**Q** 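Right, I'll just put the structure down here and ask away after.
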Protein chains: 2
Amino acid sequence: MKVNVAIVEDDKNYNQALKKIIDFQEDMICVAQFFNGTSALKELESLDPDVVLMDIQLQDASGIDLVFKLTETMSQTNFIMCTSFEDDDKIFTALRAGASGYLVKGEPMEKIIQSIQEAYKGGAPMSFAIAKRVLHHFHESKVQVQDLAALTPTEKEVLELLSEGLLYKEIADKKCVTIDTIKKHIGNIYRKLQVNNKIEAINKLNQNK
Amino acid sequence: MKVNVAIVEDDKNYNQALKKIIDFQEDMICVAQFFNGTSALKELESLDPDVVLMDIQLQDASGIDLVFKLTETMSQTNFIMCTSFEDDDKIFTALRAGASGYLVKGEPMEKIIQSIQEAYKGGAPMSFAIAKRVLHHFHESKVQVQDLAALTPTEKEVLELLSEGLLYKEIADKKCVTIDTIKKHIGNIYRKLQVNNKIEAINKLNQNK
DNA sequence: ATGAATATCACCCAAAAGGGTAATGGTTTG
DNA sequence: CAAACCATTACCCTTTTGGGTGATATTCAT
């Protein structure tokens, strides 16, 4: 059973090159080529391909918007974004919109083929440059403010539970202590973080996430 | 120039098996094996390996904490977490702590070797199961947008101010309306977002950021 | 071993938050 | 035009939160 691939790409040469290399593979076949967003939006759904290579910058639409709309109904299809740019915002917007992978143009053809396989299997194929940015997105959160470091383990735990939306009472039950103890802890947390209410404390916590 | 790899893994057999397969590669070498967290924490820094395979569950420490500490100074080293479990929280905590990759145990040896290469080159090697979860993390935000879309502009503004830590009274003053109006708006916000307090509402808001 | 930090519990009090009901005027839309 | 939605204000009531003070037991480091 071959992997069904569709291409949405307005550069005719690149589109054609992609089709050729895909059809050359034993285990995949290009079932459709689109050269603009409008026709892709109309016809992609009924084709139900396994993987779509989607250009981000089409003349008549944004590939990200297309993915956003199409993933609503095409839950079985994996979308791989292809782009010349590596704008941080676009990367995360695309992933949020429902894309499974993100390649910068100029990847060698083997990498693209490999990425189609990976997307088909449920992975998250990305160019190194993109993967690095996604990682960086997580790493950013690391910078621990001194304030937070001043909290005892119990206080950190209480703050964590507080940030999940639990009431004093619920935290007390969860930790099997009285509500007065929790109040005491929270009072200490506020003093150490120099804040006066939950929201401000949680904002301090979230700055580091 | 070979890729220098260190292993932190308390299962002696698995640790040994990893070393063997690594040393078997032409382009990499295992420069150190650690069987507990304490010694790894002490010695890893001076070894300055290119890649570290780090078990998450050590008897004497959490691999995540080790990575957190070690990445402070070892900015050139890429850490790949290895674990039997795929707890969502652990994945993101590990990535935030500074890990570059995340493998579940039981990956074939070729995948591990390939991941070391990928980490060395600055990529983000992950097991499919993990990649799926990271993607899911992004995709989650998509659903939320709908909920927020149900809010009127005024409600969105109030929620925004609320998330900054302002009291009802302060929001009322800022918008030059009475506190009762704000209470009404907030009541409507909670109903639309299906939550019961500030924190939960703000969490919904923040999930889309 | 003395003092500091931590975790625990208690009681009091005031402010803030949250839920309910009701009413008014404006806008939009079928 | 009527129905629906929106923004606004008011009043009532309960629960939750936040601040203050004080006390006890444990642990940990000087």
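Order of the sequence lines sets the chain letters (A, B, ...), proteins ahead of strands, with each chain counted from 1. Keep in mind that this is a model prediction, so the values were computed, not measured.
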**Q** Report the distance from atom NZ of B/Lys184 to atom P of D/dC6, rounded to the nearest whole Å.
**A** 12 Å

**Q** Is it true that A/Lys169 and A/Asp173 have a side-chain N and a carboxylate O under 4.0 angstrom from each other?
**A** yes

**Q** Looking at the side chain of A/Asn196, which of D/dG18, D/dA10, D/dG19 is the nearest nucleotide?
**A** D/dG19

**Q** Under 30°, 30 to 60°, or over 60°: which ring-plane class applies to A/His137 and B/Phe138, parallel, tilted or perpendicular?
**A** tilted

**Q** D/dG19 C1' sits how many Å from A/Lys198 NZ, rounded?
**A** 16 Å

**Q** Can you tell which of D/dT17, D/dA7, C/dA7 lies closest to the side chain of A/Leu167?
**A** D/dT17

**Q** Choose from C/dG19, D/dC6, D/dA10 the nucleotide whose nearest atom is closest to any side-chain atom of B/Thr152.
**A** D/dC6

**Q** Round to a whole Å and report the spacing from CD1 of A/Ile182 to P of C/dC9.
**A** 9 Å

**Q** Give the nucleotide from the list D/dT9, D/dG18, C/dA7 with an atom nearest to the side chain of A/Tyr168.
**A** D/dG18

**Q** State whether the side chain of A/Asp60 and the backbone N or O of A/Asn36 hold a donor-acceptor pair below 3.5 Å, judged by distance alone.
**A** no

**Q** Figure out the CD1/P separation between A/Ile186 and D/dG20, and round it to whole Å.
**A** 15 Å

**Q** Using a strict cut-off of less than 4.0 Å between a Lys/Arg side-chain nitrogen and an Asp/Glu carboxylate oxygen, indicate whether B/Lys105 and B/Glu9 qualify as a salt bridge.
**A** yes

**Q** NZ of B/Lys175: more than 12 outside heavy atoms within 6.0 angstrom?
**A** yes

**Q** Would you kindly give the NZ-to-C1' distance between B/Lys183 and C/dA22, to the nearest whole Å?
**A** 15 Å

**Q** C/dG18, D/dA7, D/dC6: which one has an atom nearest the side-chain heavy atoms of B/Asn197?
**A** C/dG18

**Q** Does a side-chain N or O from A/Thr181 land closer than 4.0 Å to OP1 or OP2 of C/dA7, or not?
**A** no

**Q** To the side chain of B/Lys175, which of C/dC9, D/dT8, D/dG18 is closest?
**A** D/dT8

**Q** Atom CZ of B/Arg191 and atom P of C/dG20: how far apart are they, to the nearest Å?
**A** 11 Å

**Q** Whole-Å distance between D/dG18 C1' and A/Asp180 CG?
**A** 12 Å

**Q** Rounded to the nearest angstrom, tell me the gap between atom NE2 in B/His185 and atom C1' in D/dT8.
**A** 7 Å

**Q** Side chain of A/Tyr190, heavy atoms from C-beta onward: which of D/dT8, D/dG18, C/dT8 has the nearest atom to it?
**A** D/dG18

